[in-house]
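Input: a single structure, listed below in structure tokens.
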Amino acid sequence: MSKAKEPQFSEMARPFLKKYLPPYKWLVVWGIVAGVLAAAASGFGLPVIVQKVCPVVFGEVPPPEWLTQWLMTFVAPENMATATLIGAACIIPVVMGIRGLATYFNAYLLTRAGVGLVTDVRTDLFARLQWLSFSFHDRNTRGGLMTSIIQYTQGIQQQLLQILNDIVVQPLTLVAAVAYLVYAAVTNHESAVLLGNLLISCLCIPLVRYVGKTILKKMKQALSGMTVITANVEEALAAQREVRSFNLEAHQEKVLGENIRNFNKVLVKMASWRGALSPAIEVVSALALAYSLYRGSSDGLTLEAFTAIATAFYFCYDPIKRLGTVSTQCRMMAVMMNGINNILNAKDETPEPEVPESLSSPVRGAVDFEHVTFGYDKTKTVLHDISVHVPAGDVVALVGPSGSGKTTFINLICRFYDPQKGSVKIDGIDVRRISRRERTDNIGLVSQFAALFRDTIAENIRVGKPGADDAAVRRAGDMACVSEFADMKPEGYQLMLAEGGGGLSGGQRQRVSIARAILKNAPILILDEATSALDMKSEAVIQKALDDMASERTTFIIAHRFSTIRMARRILVFNEGRIVGDGTHEQLYENSALYRSLYDEQVSSEARERKENQE
């Protein structure tokens with residue numbers, strides 16, 4: 001098998017920056033300009049201060065003739081010495097002030113641009129995940145997706161604009177420092193000899209490249225480890241009841257602890273390589289500098305000239321070191337951008353139609369499956385050549401063993417997935433040609449797992465029909481028996497729920513979900529184990545509300561309790577991805593052995609439950 005091609009920074013960055021950089025381009029431009037100014041002040045200005053200004057301040061050399069002539073127009077002869085001293089001394093804070101302010105604005109402006117850019121990226125990532133098909137989510141772990149949204153975008157904020165800055169600023173710092181060194185070599189023979197000796201420090205470049213490759217390898221391992229840790233934490237928090245019910249706390253702690261230890265080992269190794277790079281470069285540079293000091297002194301080089309050249313040389317080797325790490329950062333950024341682009345550019349397997357078709361008004365709600373074949377992957381078919389017509393207003397129950405295809409049948413009506421073969425139609429229009437907004441507006445879904453949000457009970461019900469007034473919310477709540485427990489709280493329907501509906505029991509959350517569907521009042525209603533979290537007594541109370549809802553619309557009911565489907569006028573029996581029975585309860589009980597066995601088993605189970613409740 002051929003090795004996957006490593007993503008290249010230029011390939012990843014070009015479309016990424018083209019999309020996200022324009023709103024912040026001037027912040028970046030001015031930030032880089034400030035960096036260039038800081039580079040010039042550092043690479044050229046500081047060595048000039050050391051060689052030209054400091055000797056004047058300490059009286060070792062006279063000031064330049066042009067400066068003396070200029071000062072004589074403003075200062076009396078007897079004050080020239082003091083004026084010269086003050087003027088020369090003032091150059092130091094001016095240059096350092098320019099360098100300091102430029103460095104500040106460089107960091108500030110690039111940080112502002114980075115924060116804005118990463119906000120846009122995170123928003124787009126989250127929005128994209130809301131629209132991508134369920135197939136995409138099935139193929140990707142939530143831990144991996146969270147790593148892309150949090151860790152990768154954070155890495156881009158911290159490094160991408162700094163890379164762009166370094167690509168411009170560090171070469172200019174190097175150029176400024178080299179310009180001074182060239183100037184020193186041209187004006188002083190001893191300086192030229194010294195510069196030749198300092199070229200020994202170029203031995204640092206292969207070292208930087210080797211360490212950079214090693215750090216890149218460790219960074220990839222670190223990102224992979226963070227994905228695993230995020231997945232562990234998310235999985236454990238989502239399954240707290242199961243973890244505690246089966247005494248899995250110690251096991252979960254052991255698994256997470258091992259993953260964290262492996263992650264920390266990678267971080268320590270990465271830090272050790274990073275930490276070793278600077279001392280190694282400094283030792284090589286110091287050896288070159290020490291030898292050059294000896295040669296310079298032997299050749300009669302002055303202290304001021306040597307110090308200035310050493311300062312300029314420092315501003316040569318530091319950019320070389322940072323440009324070496326930029327190569328590693330670019331490759332790491334390519335990995336991160338590739339992870340983000342895998343989400344942003346992922347193929348939508350249930351795309352919006354280019355020219356949507358509108359359902360008739362009013363929507364009748366007839367549903368047709370025409371030779372539908374579907375599998376969640378290519379190796380296993382879940383539904384086999386399903387053809388069935390459900391007239392508008394029909395109430396249909398779906399029964400069958402677990403894994404027989406009932407929920408998949410419902411998922412295709414909602415277009416959570418598209419069939420590999422055949423078509424699913426609503427009122428004669430293929431669901432693939434109906435816009436997502438219109439399709440979802442006309443389907444009310446009450447699933448087995450009631451998904452509530454961190455908001456009030458009223459707002460969780462209002463999700464079914466945004467903008468509905470409080471009276472409508474209250475009527476829906478009354479029908480779903482939400483008022484029974486909401487009115488017992490001082491806040492009533494304004495009770496604030498915790499994450500996932502925390503503060504309510506499973507049955508209460510289910511009632512809120514049912515109230516949401518009642519308020520939505522869609523022409524197609526899907527009840528997927530809608531009363532699974534209710535006891536038999538609560539189910540009986542809510543059953544009337546469900547009967548009223550089902551009587552006015554096309555309804556599909558999935559339930560293991562046959563008492564829940566007694567309102568169905570038609571029953572479809574599923575087995576191994578096929579419809580093996582279609583009719584009324586009486587017809588199926590007489591003619592379908594599978595249905596009869598399922599029904600008898602459920603009746604016996606319900607009888608045992610009633611007996612236990614009475615006892």
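Bear in mind the structure is a predicted one, so any value in this text is a computation, not a measurement.
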Interatomic distance, OG1@Thr408 vs CZ@Phe574, rounded to 0.5 Å, equals 9.0 Å
To the nearest 0.5 Å, atom OG1 of Thr373 lies from atom CG of Asp385 at 5.0 Å
Val446 and Ile526, any side-chain heavy atoms less than 4.5 Å apart:
no
Separation between CG (Leu344) and CZ (Phe16), nearest 0.5 Å, reads 7.5 Å
Notebook entry, point to check: Looking only at side chains, do Arg553 and Asn521 share a donor and an acceptor under 3.5 Å apart?
Noted result: yes
**OP:** Specify whether Tyr589 and His585 have parallel, tilted or perpendicular ring planes, treating 30° as the upper limit for parallel and 60° as the lower limit for perpendicular.
**Re:** tilted
Side chains of Val388 and Leu572: does their closest heavy-atom pair fall under 4.5 Å? yes
side-chain hydrogen bond (donor to acceptor under 3.5 Å, both in side chains) for Thr350 and Arg415? Distances and angles first, verdict last. CA-CA 7 Å; Thr350 55; Arg415 206 196 169 197; 5.1 Å; no
Original post:
Below 4.5 Å, heavy atoms only, C-beta onward: do Thr153 and Ile340 meet side chain to side chain?
Top reply: yes
- Item | Leu452 and Leu504, any side-chain heavy atoms less than 4.5 Å apart | yes
### Task
Kindly determine whether Asp124 and Tyr20 satisfy side-chain hydrogen bond (donor to acceptor under 3.5 Å, both in side chains), including the steps that lead there.
CA-CA 10 Å; Asp124 283 357; Tyr20 290 105; 2.8 Å; yes
Looking at Asp430 and Lys425, is there a salt bridge between them, counting it only when a charged N and a carboxylate O are closer than 4.0 Å?
no
CD of Gln420 to CG of Asp418, rounded to nearest 0.5 Å, is 9.0 Å
With a 4.5 Å limit on heavy-atom distance, are the side chains of Asn575 and Pro401 in contact? yes
State, yes or no, whether a side-chain contact exists between Phe369 and Phe409 at a heavy-atom distance under 4.5 Å.
yes
Distance col, row Glu438:CD vs Glu357:CD, nearest 0.5 angstrom, shows 10.0 Å
Note to self: If you define the side chain from C-beta out and look only at heavy atoms, does anything of Ser358 sit under 4.5 Å from Arg433?
What the structure shows: no
Heavy-atom side-chain proximity of Thr381 to Phe374 below 4.5 angstrom: no
The reported gap from CD1 in Ile410 to OG in Ser447 (rounded to nearest 0.5 angstrom) is 11.5 Å
Can you tell whether the side chains of Asp469 and Arg462 come within less than 4.0 Å, N to carboxylate O? no
Would you call Glu349-Arg139 a salt bridge at under 4.0 Å N-O? yes
So, Arg474 and Asp470, do they make that salt bridge, N to O below 4.0 Å? no
Notebook entry, point to check: Just wondering, are more than 12 heavy atoms of other shown residues or ligands nearer than 6.0 Å to CD in Glu590?
Noted result: no
Quiz item: So, Phe134 versus Tyr376, ring centres under 6.0 angstrom or not?
Solution: no
